[in-house]
Structures are given as structure tokens and as C-alpha cells.
Amino acid sequence: MAAEIRAAIMAGDLSPGTQLPSIPTLVNRYSAATATVQRALAALKDEGYLVSAVGKGVYVREREPLVVEAAAYLNPTRSRYSYRLLGVTEVVAPPEVGRALQLADGERVLVRHRLALYGTDPVELSWSYYPMSIAAGTELTQQRRIVGGAPRVLSDAGLPMAMFTDRVSARMPTPEEAELLALPPNVPIIRQFRVVASRDDRPVEASVLVKGGHLHELHYCQQVSD
């Protein structure tokens, strides 16, 4: 029930401000108990899709999903987004990262862990990995935000971003992800695994980007060749 209503809202079939049918109507429509309908509506309220008006009913909340342009980097100075740095550490490259960055087994990488905020709301966790052969001695290793971000540091090192690829999947969140993103119960996350390459297809960054599936849509646009 919750899935069908959620899908209708995300597709625009139930527009913001639309009043949902009454609980008795939903009970009949879904052949469900009153308590079941109430639990479904409560879940959608927790996810931010619905809002109750006392004495009037339940309405689709006046909020559009956050549409994320699939660009390599987001410039927070031009939007309501901001970042909080959660940590900078040196680790052995996880297998997925090592393969993406074309590293030898056991090779170490620098990881910058961040939380993105939209206004004051947490919306995305990211882990960005850099080969130590690139990161050593640069601002990437510093426990602070970087003016101009990683793109500027990489460009200064002679490794400007030339292209990126994304793999997108969905899964349930880990406890850490659910807590840091303040996710309601039973909400899946969208996971992007992004590899950024410089000239000559040299991979210079691999990132894991995690965001709540109830808040976001990804927008991809690609030129189609003749």
C-alpha cells in the first residue's frame, strides 16, 4: 500500500496538495485492516511524503524530490548544499576501489569522508578515495575543507578531470548510514560508485555516494551521436 502511494507521488500522479482518500476508503480499496492502513500512512509521513491536517485529512506534502544532476562535482556556493567533513584517513584500498583505481593488492589510498547538507537536512554521505601517489603532500591529506575542492587540487597536480563514470544501485542502509542521514525506518538508499579519470583515462578518484531513496531522483542527460 505504502509502495503504491509512494510511487504515485513520485510519478506526479498524486500532486502536492492532493488529499488522499479517507481511511475507510483505503481499507476497502486494499482489503486491509484499519491498523494496516494507518501504519502505511504513518510510514509515508515519516518519509516526508504526506502531512496530516487536523480535522481535514491527509495530504501529499508540498515538496518536490531533490533532483541530483549527475555531474562529477557539485559547487555548494551556487546552491543550498553545503558539506561537513567527517574525516580524512589513509587506508588499504577496498577491493572495489583498488580495481577502479588500478592499484596493486594492499596499496594504500587516502579517503575523505563527508556529509552533504541541503539547508540543514543531511542528504548524502560520500567517501572519496585517492591513490597515495597522487594525494601525498597535497591539501587532500589535510583535516579541513579545501578551497576549490578536490578538482582544484587534482588540476594543480596536472591531473584535471576529463570524464567520470557512475554505477548506480539500491540497497538498505547500514546503521551508520541510517543514523547520519536521519533516515526513516525501512527506507532504501541510492548508491553511486563514481570513478573520475584524468587525461589518458588515468583514474584519479573513486567515490561512494549514498543518499536516501525517498528524497532523490537522479537526472542523466547524454548527447546521442548521429
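Everything quoted here is computed from the prediction, not taken from an experiment. Worth knowing before you read on, the calculation uses all heavy atoms, side chains too, and leaves out hydrogens, waters and symmetry mates.
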Donor-acceptor contact present, side-chain Tyr49 to main-chain His214, <3.5 Å: yes

For the CD atom on Glu179, are there more than 12 heavy atoms of other groups (residues, nucleotides or ligands in this structure) within a distance under 6.0 Å? no

Looking only at atom types and distance, does a side-chain atom of Ser198 sit under 3.5 Å from a main-chain N or O of Pro160, one as donor and one as acceptor? yes

Test Trp127 against every option in Val91, Val210, Leu209 by the side-chain contact (heavy atoms from CB on, under 4.5 Å) rule and name the one that passes. Val210

Rounding to 0.5 Å, atoms OG1 (Thr36) and CD1 (Ile23) come to a distance of 11.5 Å

Distance col, row Arg61:CZ vs Ser52:OG, nearest 0.5 angstrom, shows 12.0 Å

Would you mind reporting whether Asp46 and Leu44 have side-chain heavy atoms less than 4.5 Å apart? no

Would you kindly say whether Lys211 and Gln192 are connected by a side-chain donor-acceptor distance under 3.5 Å? yes

Can you tell me how far CD of Glu4 sits from CD1 of Ile9, rounded to the nearest 0.5 angstrom? 12.0 Å

dist Leu103:CG -> Met132:CE (nearest 0.5 Å) comes out at 11.5 Å

Should the heavy atoms of other residues, nucleotides or ligands under 6.0 Å from CG of Asn186 be counted, would the total exceed 12? no

Can a donor-acceptor pair be found, under 3.5 Å and without considering hydrogens, that links the side chain of Glu177 to the backbone of Thr174? yes

Could you walk me through whether Val168 and Arg191 satisfy the side chain to side chain contact (heavy atoms under 4.5 Å, CB included) test, starting with their C-alpha distance in whole Å, then the side-chain angles of each, then the deciding distance to 0.1 Å, before giving a yes or no? CA-CA 6 Å; Val168 182; Arg191 181 186 190 268; over 6 Å; no

Keeping His113 on the side-chain end and Ser126 on the backbone end, is there a donor-acceptor pair under 3.5 Å? yes

Give a yes or no on whether a salt bridge exists between Arg194 and Glu205, defined as a side-chain N under 4.0 angstrom from a carboxylate O. no

In Å and rounded to the nearest 0.5 Å, what is the CD1 to CG distance from Ile5 to Leu50? 6.5 Å

Validation row: Asp156, Thr138 side chains within 4.5 angstrom (heavy atoms): no

Roughly how far, to the nearest 0.5 Å, is CG of Leu154 from CE of Met161? 10.0 Å

Can you tell me if Arg171 uses its side chain to pair, donor with acceptor, with the backbone of Ile189 under 3.5 Å? no

Is there a donor-acceptor pair under 3.5 Å between the side chain of Arg199 and the backbone N or O of Gly158? yes

Test Leu181 against every option in Val187, Leu115, Val123 by the side-chain contact (heavy atoms from CB on, under 4.5 Å) rule and name the one that passes. Leu115

